[in-house]
Structure formats: structure tokens, C-alpha cells
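Note sheet for the following structure.
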Amino acid sequence: MIALRIQKKLDGPNGDMLLDLDIQIQKGQFVTLYGASGAGKTSTLRILSGLLQAEKGKIEVNGTTWFDSATKVNKKPQTRNIGYVFQDYALFPTMTVEENLLFGLPKKGDQKEVTTLLEMMELVDLKDRKPTTLSGGQKQRVALARALVQKPAVLLLDEPLSALDMKIRLKLQDYLLKVHKTYELTTILISHDIGEIYRLSNQVFVLENGKVIKSGTPSEVFLNDTISGKFKFKGEVLKIEKDEVVYLVTVLIQNEVVKVIAAASEIKRLTIGDRVIVASKAFNPVIYKIE
Amino acid sequence: MNRLQGDIVQIETNGHLSIVSVLVSEAVLLKAIVVETPTTAPYLKEGNTIAVLFKETEVIVGIGPVDGMSLQNKIPCIISQIEKGALLSKLALKTGQAAITAIISSKAVTQLNLTANSKVSAMIKLNEMMLAEL
């Protein structure tokens, strides 16, 4: 478990800002920090990794104290057992893919770990290439593999996928989920992409001006989902057509297209592309066997 | 979606189901059956203010006495406006301070001779009512 209780004065977008957090993250969770630029998300990761020091507070990870302002404990970043992946890859340009990974390996580390990661991240064919010859998605796979060679307990991801196009992004999300599970990591992601947050994380902290203003599962945080209907799906509006006094709304729910008759009051704030909940009572649907 | 606000005055629970009675105004008591209990949905508490939601297309409109029917939700209304389509018509209804919309067949509007200012009962089945936390 990560217990983070810290205070740190920061230069916020509107002058001085106090980053003031008291959060707990259970082992094995995939957590997202969400919020506007300058809310304190990156600073939180930097404080957790030891790259930035809090003025007051305590950081405890899996029973070990990493930082405690009261007793002046402050573990060095390299001893904090953290993997850190940034948006801009931060690979060594003069080293090959494999050398980049070996560089991250601790002195007594097992070289087999590098081979395993090259295989898992499908980098074997690229292992002798230099980073400059790789695509963005490939570079980020290398960066992720390098962050994992030291077998971190905590993986920090600072918008790792935001520079990549949608298709590569989805693929890399699969890699992230895979390594999160395989290495039993506690992962903290910074992301602005709600689809990505839904896919990856089981807990979200929303930061505003250095404070957590909301937290919960992605559904609890992003959906005003408080109605009692039990036949309920999330989807995306594809089309809205007027028919007499009603509207026919076409909604994509996973791979199925459904249609909903809506009244004017329901479509008032709807536009194509909106994420919506389609809900009905559990009493309405009919059910029958299809074979 | 029609949305009326009121206070929960009674909750009857059996197994997974509850019938929740919501007093919207002196004249209007609405009931909803939900697959929830006060344990699964903590907002189900007598005295809590809650929203009752129902779809415009699920409203039945009747004139005259409507006593001999199984419907649990009968709201006395006055029609404030009718927008007539070829097949369907939209009725704007008023009950006390609240407004309800009903979408019914245009044929029924003609058959029942409904016009603005007609007195009607808006009726909704127990199982078409949803509840929403405020």
C-alpha cells in the first residue's frame, strides 16, 4: 500500500498553490490522477519518486518509509523501487534498445529479465536498433520495458501515451495492462483521456489546485450515474433524427448499434459523439434464447 | 424524461424488490417498484427527497373516472398544449406547479377529443418509474 500525506508549495498557473494530499492506494491498484494542467499531478509523481521534496508529510510504501519530514527520512530516488515513464520516452540515443534496457538493470540483476521483457514487449526484432530509428509507439514500449527491468513495486506513468495516435495507443494500453498484472504493480497514471482511464484504472483521483476534489471508480467519477434503472449501458451517440414529435437516437454500445426514442427534453444537451447512458428498468426487456 | 421531485414517505421491501412511495405534492403520490432495497441503495430512506423519472412515451392519458384500473400512479392534470404529428402527439400537461410531457397516439387525441385546457389523468405503471438520487 502507498500512503501519501504531503504538503508542498508550488508555482501554480494562478500564483502560489499548496499541493496538499492525503491519499492511500492499495497494492495492485491501477490509479489515475486526473485534472487540469497545473493541478499538481506531475508534482505528485515527482514527490513520490523523490525527484522533488515535500515540505511536510510522510510517504510510506508497502510498510517502508520513503519520506518523513518529522524524522528527516528521505530515501534517494534510485532506492525507491519505482519505474517512471514519461511522455517523451527519455531513452539514451547512442545505445541500442537492448543496451537501454541493460542500463536500467541493477548491478546484481539477472540479464534474463531483459530477455523476458524484450519478448513480452515484442521488442526482440528491434533489440539492436537505436531509438532514433524507432516509431513513437516502439520507443514507448522500450521506455516501459526499461522502467520494468529493475522490478519496481510502483510504476509511475506521466501521460505516456498522449503523443501517440489512437491505434498505437490502444495497443500500448494492452501492454500496460499486461505488465501491471504480470509484475503485480501498483500503477499511477496521469491521463486526460477518459476512454483510456476507463480501460486501465480502477480508481481515479481528480485534482484541482493541489487538492483531491473527487475520487472513486471511473464510473463514479465521470458519470452522473445515480438512477435506479438496472438495464443500463454506456455508449456513444452516432445519430439524432427527428421523427414527428420524438427523436430517434442511434447509440453505439460496444459493438452493437441500438436505437432509443427520445423526447425533446432528453436530446436538448446531446450532440453526436457524446458518451451517454442508455437505461431502462429491469422490468422492460424481454429475454429469449437464440439457439 | 419526465422528472418530478418529492419526499419518500414509504418503502415496502420484499426480497430484492422495493415499492417506494414518493409524495410529490398534496394531490400526487407516486409509486415506483425498483430492484433495490434500503441496504443496496442507501438513498432509499423515508423522508429523503428524491427524483422520480419516467419516459414521456410511457404515460397513459385518460379522461373521466379512472378508478377501475390496476395503475398505481394517477396524476390529475390539465393539458396546456398539444403538438400533433401524423402518428404521435406531444401533450404538455400541468399538475400543480409541475409539468409533465406525454407522447401518445394522435388517434387517441382525436378519439378522446383532447384539447388545451382539457382535464385528464396522466397514468404511469409502477414498473415504468425510475428513481434518481439528487
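Quick note on labels: first sequence line is chain A, next is B, and so on, each numbered from 1. Not measured: the values here are computed from a predicted model.
The stretch residues 74-84 of chain B places Glu83(B) near chain A, each with some heavy atom under 4.5 Å from a heavy atom of that chain. Near-neighbour residues of residues 91-111 of chain B relative to chain A, defined by a heavy atom under 4.5 Å from a heavy atom of that chain, comprise Ile103(B).
Although no hydrogens or angles enter the test, the distance criterion places no donor-acceptor pair under 3.5 Å between the side chain of Lys41(A) and the main chain of Val206(A). Side chain of Glu58(B) to main chain of Glu128(B): no donor-acceptor pair is present (N/O by atom type, distance under 3.5 Å, no hydrogens or angles).
For the residue pair Ile59(A) and Ile47(A), the shortest heavy atom distance occurs at CD1-O, 3.7 Å. Closest approach of Lys119(B) to Ile63(B), counting heavy atoms only: O-CG2, 3.8 Å. In this structure, Leu185(A) and Val179(A) approach most closely via the heavy-atom pair CD1-O, 3.6 Å. In terms of heavy-atom proximity, Gly62(B) sits nearest to Met123(B) at N-CE, 3.6 Å.
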Which donor-acceptor pairs under 3.5 Å do the side chains of residues 26-36 of chain A make with protein atoms, sequence neighbours left out?
residue	atom	partner	partner atom	Å
Gln29(A)	NE2	Gln203(A)	OE1	3.4
Thr32(A)	OG1	Ser201(A)	OG	2.9

Decide yes or no on side-chain contact (heavy atoms from CB on, under 4.5 Å) for Val34(B) and Met130(B), but give the supporting numbers first.
CA-CA 7 Å; Val34(B) 292; Met130(B) 287 201 227; over 6 Å; no
Could you walk me through whether Asp174(A) and Arg199(A) pass the salt bridge (Lys or Arg N to Asp or Glu O under 4.0 Å) test, one step at a time?
CA-CA 9 Å; Asp174(A) 291 338; Arg199(A) 230 172 135 219; 2.4 Å; yes
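Contacts of Leu44(B) with chain A are absent, with no heavy-atom separation under 4.5 Å from either backbone or side chain. Heavy-atom distances place no part of Lys125(B) under 4.5 Å from chain A, backbone and side chain included.
The candidate from Gly85(B), Ser89(B), Ala86(B) with the greatest count of non-hydrogen atom pairs under 4.5 Å with chain A is Ala86(B). Annotation: maximal heavy-atom pairing with chain A below 4.5 Å, among Leu53(B), Ile33(B), Asn2(B), occurs at Ile33(B).
Screening Thr13(B), Thr39(B), Thr40(B) against Ser18(B) for a side-chain hydrogen bond (donor to acceptor under 3.5 Å, both in side chains) leaves a single residue, Thr13(B).
Annotation: ring pair (Phe, Tyr, Trp, His ring centres under 6.0 Å) contacts of Phe231(A) (sequence neighbours excluded): Phe233(A).
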